[in-house]
Amino acid sequence: MEKILGIAQVAIKESFRRKDPYVVIILAGLIIFGAGIFSRFGTEGLGKFVKDVGFTVTGLMSILICVIASARQLPTEIQNRTLYPLLAKPVSRIQVFLGKYIGVGVMATFVVLLFSAELYLLFWVLDIPVTIVFLQAVYLRIILMWIIAGLTLSLSVFLTQGANVTISMLLALAMQTFANTIITVRTEVDGWTLRFFDLLYWVLPHLELFDISKREVHGWPPAPAWVLLVLTVYGMGYALVFMSVGLHRFYKMNL
Amino acid sequence: MGMSTNETVITIDDLSVEYRTDFGKKITAVKGLNLNVEAGEVVGFIGPNGAGKSTTIKVLMGFQSASNGRATIYGKTPGNVEARRRIGFLPEVALYYPFLTARETLDMFAKLREIPRRDRKDVIDELLEKVGLAGRDKEPVRGFSKGMLQRVGIAQAIMGEPDLLILDEVTSGLDPVARYDVRRILLDFKSKGKTVFFSSHELSEVTMLCDRVIVIDGGKVITEDRIEKLLSSIRRIVFQVDNIQAPPKLPEGVYVHSVHNGVTMFTAEDEDACGRLTGMLQEMGKKVTESWEEAGSLEDFFVRTIGHKVT
């Protein structure tokens with residue numbers, strides 16, 4: 001385990017020493033605090049607007065940082081040949097892959113927590129009430145990051161870094177909206193097409209389930225604990241599927 | 001781990017490696033290669049660019065799969081974790097992690113090398129001292145020159161006193177001081193009876209370090225023998241001529257050995273080349289002031305074996 005954590009530690013240090021999380025956090029801060037200025041005018045409903053903008057911006061930025069960090073791990077190691085001395089030690093490719101995954105996952109978790117602290121501070125300054133749903137939303141966003149990290153890290157052994165960032169971003173965003181699209185489309189089709197869309201609906205991961213920020217925005221009640229538990233298992237399952245595919249490829253690939 | 005004698009450390013049997021380029025062209029990097037390295041040997045693996053040296057090393061390290069044949073290290077398949085416990089490896093050019101310091105880099109490798117936590121600091125201090133990076137250990141690796149990066153590489157390779165060192169172009173691009181230091185470290189390693197298998201274009205280094213040399217070209221072993229035997233098979237005749245400007249094209253088998261203060265030394269590979277050289281000098285109206293026979297170098301052997309093809 002120490003080997004996996006040693007590799008993870010390098011991925012975490014890399015991300016923070018490159019300073020990209022800080023740049024994005026400052027940028028996101030400017031956007032959401034900019035939105036916060038509107039609430040000073042006392043217009044009804046602007047509290048909701050600030051919450052919505054805050055959650056949306058931090059959500060997108062978290063995904064972006066997670067995708068960029070995950071996409072560069074293995075391709076950069078291969079390009080710079082840092083993987084060679086690493087794999088020459090008594091370390092298996094599985095340990096390297098897991099170490100990279102844990103490193104990116106921890107870094108993305110930290111980024112989500114930083115963003116959440118930033119949001120909480122904004123809401124507190126602007127006297128916008130926050131409920132327990134805020135914490136639930138943060139928790140599920142962290143799970144989402146681990147799924148996206150698994151997806152992007154796995155795609156990184158199939159695609160170039162640039163292509164991976166683009167495709168992973170598109171997939172991460174599309175998978176948050178595809179469920180509604182399929183529900184709309186399936187009312188218009190029948191027969192095999194209908195079955196195909198049903199299959200698609202059940203096979204593809206429903207990342208939209210991991211965004212419950214609208215509950216906080218609109219003041220809806222919190223999600224029951226069992227839902228969070230089921231979503232955690234569901235998320236871990238998909239992360240495991242993505243990781244298995246990537247690991248299988250990484251295990252066999254010529255470096 | 002101690003070294004055991006009469007143990008075959010590296011075995012390569014009928015190894016072939018093929019791959020396809022981005023344009024779909026099939027390239028055969030290694031063709032039916034056979035070689036063995038015994039425990040305690042220092043073996044130089046030499047050949048022109050594209051000969052298949054790095055590909056062979058990649059197969060040995062488990063980075064590349066073989067298309068045919070097999071390779072083993074300590075009887076285990078390449079990539080086997082047990083075998084890696086006994087190996088130190090230095091790739092041709094590795095940049096390491098630019099955002100880590102030299103100490104952090106070595107600390108990470110120490111974890112992977114299974115050096116106990118309580119010993120790590122001492123091990124790293126000793127290695128930094130050995131490779132001449134003491135005092136520079138807290139600087140990020142990104143600011144390091146190629147020579148300093150190679151020192152970090154050597155430190156991670158020899159960490160934990162491995163039984164076998166595999167080095168790919170270890171002194172390539174290093175300045176004379178760095179090259180001297182690397183040689184000193186390898187000789188120290190050799191003096192402990194450890195096994196070293198290394199590829200290099202620096203033939204003087206190979207001559208100084210190796211017990212045995214394997215010459216590879218076109219993915220196949222061209223020749224292999226003990227270094228002293230190879231060198232004794234190469235003789236050259238040196239001719240000293242004063243105040244001569246060498247013609248643009250020299251006779252076959254004749255080379256300019258050196259030019260100093262108006263004195264030119266020609267070498268001839270064999271008797272026939274001697275005849276051609278003296279003929280040329282007669283035509284030019286020049287006389288040989290002195291001549292003698294001496295042992296050739298590994299470079300002479302290499303050029304005669306591989307030829308002058310552009311790679």
Side-chain angles (χ1 to χ4, degrees), chain A residues 1-22 69 72-100 102-104 107 157-160 163 247-255, chain B residues 17 19 54-55 57-67 78-101 104-117 140-142 149 152-157 159-160 162 164-166 168:
Chain A
M1 192 63 187
E2 195 185 13
K3 292 177 189 174
I4 295 176
L5 294 180
I7 294 164
Q9 203 180 16
V10 172
I12 296 166
K13 277 183 183 166
E14 180 199 10
S15 291
F16 284 99
R17 288 188 185 173
R18 278 174 180 262
K19 299 188 173 64
D20 11 301
Y22 303 121
R72 76 165 159 244
Q73 293 303 317
L74 292 170
T76 311
E77 292 257 5
I78 293 168
Q79 193 185 347
N80 291 348
R81 304 181 190 204
T82 41
L83 208 52
Y84 291 160
L86 204 72
L87 281 173
K89 299 282 179 273
V91 181
S92 67
R93 290 194 186 195
I94 298 172
Q95 286 172 312
V96 171
F97 203 78
L98 284 178
K100 293 287 171 193
I102 291 172
V104 175
M107 186 278 301
V157 290
F158 293 95
L159 302 169
T160 62
L247 193 53
H248 182 259
R249 162 84 175 151
F250 182 60
Y251 201 77
K252 303 236 168 210
M253 76 190 285
N254 287 324
L255 302 170
Chain B
V17 181
Y19 60 89
S54 292
T55 306
I57 288 177
K58 278 185 181 180
V59 172
L60 276 177
M61 295 308 300
F63 304 150
Q64 168 97 37
S65 52
S67 313
N80 178 281
V81 171
E82 278 305 309
R84 283 182 187 169
R85 286 204 168 89
R86 302 179 69 182
I87 303 172
F89 173 63
L90 181 67
E92 185 178 352
V93 180
L95 298 177
Y96 300 97
Y97 298 103
F99 44 86
L100 294 185
T101 65
E104 286 172 333
T105 304
L106 293 179
D107 188 62
M108 180 204 63
F109 282 115
K111 281 178 195 161
L112 304 183
R113 196 73 181 76
E114 300 164 345
I115 308 268
R117 187 187 291 265
V141 165
R142 90 165 72 85
L149 280 177
V152 174
I154 289 165
Q156 66 78 22
M159 180 182 279
L164 165 67
L165 264 187
I166 297 180
D168 195 4

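Chain letters run A, B, ... following the sequence lines, proteins first and then strands; every chain starts at 1.
In this structure, chain A has no heavy atom under 4.5 Å from any part of B/Glu82. Heavy-atom distances place no part of A/Ile4 under 4.5 Å from chain B, backbone and side chain included. Neither the backbone nor the side chain of A/Gln95 comes within less than 4.5 Å of any heavy atom of chain B. When heavy atoms are compared at a cutoff of 4.5 Å, A/Gln79 does not approach chain B at all.
Under the 3.5 Å distance criterion, the side-chain polar atoms of B/Arg113 are left unmatched by any main-chain donor or acceptor of A/Lys89. With hydrogens and angles disregarded, no donor-acceptor distance shorter than 3.5 Å links the side chain of A/Asn80 to the backbone of B/Tyr97.
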For this session: Dump the intermediate steps for salt bridge (charged side-chain N to carboxylate O under 4.0 Å, His left out) on B/Glu114 and A/Lys3, then the final yes or no.
Result: CA-CA 8 Å; B/Glu114 300 164 345; A/Lys3 292 177 189 174; 2.5 Å; yes

| task | Show your reasoning for whether side chain to side chain contact (heavy atoms under 4.5 Å, CB included) applies to B/Met61 and A/Leu87. | result | CA-CA 8 Å; B/Met61 295 308 300; A/Leu87 281 173; over 6 Å; no

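Nearest heavy-atom pair across B/Thr101 and A/Arg17 is N-NH1, 4.5 Å. Among all heavy-atom pairs drawn from A/Ala88 and B/Phe89, the shortest one is CB-CB, 3.5 Å. Contact between B/Arg85 and A/Pro90 at its shortest, heavy atoms only, is CG-CB, 3.7 Å. Taking every heavy atom of both residues into account, B/Lys58 and A/Leu255 meet most closely at NZ-O, 3.5 Å. For the pair B/Lys111 and A/Gly6, the tightest heavy-atom approach, listed with the atom from each and the gap, is CD-CA, 4.0 Å.
Atom CG of B/Asp107 is separated from atom CD of A/Gln9 by 7.5 Å, given to the nearest 0.5 angstrom. Summarising the geometry, atom CZ belonging to B/Phe99 is positioned 9.5 Å from atom NZ belonging to A/Lys13; distances are rounded to the nearest 0.5 Å.
Heavy-atom pairs under 4.5 Å with chain A peak, among B/Leu100, B/Asn80, B/Leu90, B/Ile166, at B/Leu100.
Dense packing is recorded around CZ of A/Phe158, with more than 12 heavy atoms of other residues, nucleotides or ligands lying under 6.0 Å away.
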